[in-house]
Amino acid sequence: MTDFPGSPDSAARERDAAESASAFAHPAVAPDRTAAYGDHPDQVVDFYAPRDGRTGAPLVVLLHGGAWRSPYDRAHVSPLADFLARRGFAVANVEYRRGGDDIPRQRAGAEPGAGSTGPVAGRWPETFDDVAAALDAMPALASRELPGADVRRIVVSGHSAGGHLALWAAARHVLPEGSPWRLPAPPSLRGVVALAPIADFATAVGLGVCGGAVTQLLGGEAGSVLDGDAGSVLGGDAGSALGGDAVAVERAAHADPGVLLPTGIATAIVHGVEDIVVPPAVSEAYVDAAARSGETVGLTLLGGVGHFPLIDPSADACAVVAEELAQLAW
């Protein structure tokens, strides 16, 4: 497993800034169709038809990242959706409810921690309600909005926090009994391609990923647990990482892909070796957990690549992403 990288040096931060600027420089690409899967304004899906007009195209369900926080929406991955449509895929770019300034805490009685700045990460349970509802509605929605899509060949993909949601969506049949999102059988997916995903909560908390976003998603406050104390929790469990917070630990059992294994769903992860936003140790921990459960997860580590080239159509890494999708879809 990759060693804890410590604080990134100035060169790493400069690389990350340049890669981020490149990924976000592309103008948003308007969808061919947009459809709602619920009544909330964020419960919508943008559809992109394969640009070559083919029929029977596999459908990529795309879940954007942004630490589950409201400033980041589906528009920033619309260039990736268009890129994939030009590669012959039908694409469904899903919006979902995220955390914002209007929810200062995720549960009654929680006080803001010293590390809490900016919008809260995620909405509990709405973020998960929405992803579950969108995936459940997808075959019917896509059949109506993109008649050329083959809804028998769905691959779920997502970047960063969206990569977490993609892995979670493929694991709903192994959620704890009584979970409102549990499925009675595996979802009808060809597979999952997760891009730099927040895939293992214990490791992500230990590395302080995205300013304590995992802790906030589960109802805690950034800085109130072991954020940044990687040596204490790498290779450990989410309960230890969350410092015994009973609510957060209980929620993690319903939300942490690293404990929702095995899934029986073909899964591939693509991660940049130089990623300082979600270090590759997070994906490596998930792959190790899958192996312990008897499941093999493919992990492609891209040298000289950070967090954002995976969603940047001008970067070579994006072609790798398309190839991984194709291997599962066709």
Side-chain angles (χ1 to χ4, degrees), residues 1-8 65 67-68 121-122 157-171 174-175 191-218 220 222 225-243 245 248-249 251-303 305-307 310 324:
M1 178 177 289
T2 303
D3 292 334
F4 174 57
S7 298
W68 309 286
S157 187
H159 178 242
S160 196
H164 156 263
L165 293 171
L167 294 170
W168 178 85
V174 296
L175 285 168
V192 178
V193 177
L195 313 177
I198 303 177
D200 182 87
F201 280 5
T203 306
V205 170
L207 294 174
V209 165
C210 297
V214 170
T215 306
Q216 290 184 345
L217 175 71
L218 298 175
V225 290
L226 300 178
D227 293 336
D229 187 9
S232 302
V233 297
L234 286 177
D237 61 80
S240 298
L242 292 165
D245 183 321
V249 169
R251 289 177 175 180
H254 296 258
D256 180 2
V259 301
L260 299 174
L261 291 162
T263 67
I265 304 292
T267 301
I269 295 175
V270 183
H271 214 126
V273 171
E274 307 300 331
D275 193 334
I276 64 171
V277 179
V278 181
V282 179
S283 284
E284 292 172 332
Y286 177 83
V287 171
D288 290 346
R292 290 193 297 272
S293 77
E295 190 158 84
T296 299
V297 171
L299 175 60
T300 300
L301 294 171
L302 301 180
V305 171
H307 192 64
L310 303 178
E324 292 287 342

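FYI, the numbering just counts along the sequence from 1.
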Can you give me the closest heavy-atom contact between A170 and I265, atom names plus distance? O-CG1, 3.6 Å

Close side-chain approach of V278 and P197, heavy atoms under 4.5 Å: no

Residues at least two apart in sequence or cross-chain that pass side-chain contact (heavy atoms from CB on, under 4.5 Å) with A255, listed by chain then number, are W124, F128, F201, L218

For residues V209 and V214, determine if any side-chain heavy atom of one lies less than 4.5 Å from a side-chain heavy atom of the other. no

A199 to P257 - nearest heavy-atom pair and separation: O-CB, 3.4 Å

Output all residues satisfying side chain to side chain donor-acceptor pair (under 3.5 Å) with E324, sequence neighbours left out; order by chain, then residue number. T300

Kindly write out the residues that satisfy side-chain contact (heavy atoms from CB on, under 4.5 Å) with A196, not counting sequence neighbours, or none if the list is empty. H159, H271, D275, H307, L310

Quick one: side chain to side chain donor-acceptor pair (under 3.5 Å) partners of S293, sequence neighbours excluded? none

Measuring from T203:OG1 to D256:CG, what's the distance to the nearest 0.5 Å? 9.0 Å

Nearest atoms (heavy-atom pairs only) where L260 meets A253: CD2-O, 3.6 Å

When every non-hydrogen atom of A166 is compared with those of G158, the smallest separation belongs to CB-N, 4.0 Å

Which value, rounded to the nearest 0.5 Å, describes the distance between L165 atom CG and W68 atom CH2? 7.5 Å

Verify side chain to side chain contact (heavy atoms under 4.5 Å, CB included) between L261 and V174, making sure each step is shown before the conclusion. CA-CA 7 Å; L261 291 162; V174 296; over 6 Å; no

Search all heavy atoms of A289 against all heavy atoms of G258 and return the closest pair with its distance. CB-O, 3.7 Å

Mind listing the closest non-hydrogen atom pair of L299 and S283 along with its distance? CD1-CB, 4.2 Å

Going from CG on L167 to OH on Y286, what distance comes out if it is rounded to the nearest 0.5 angstrom? 4.5 Å

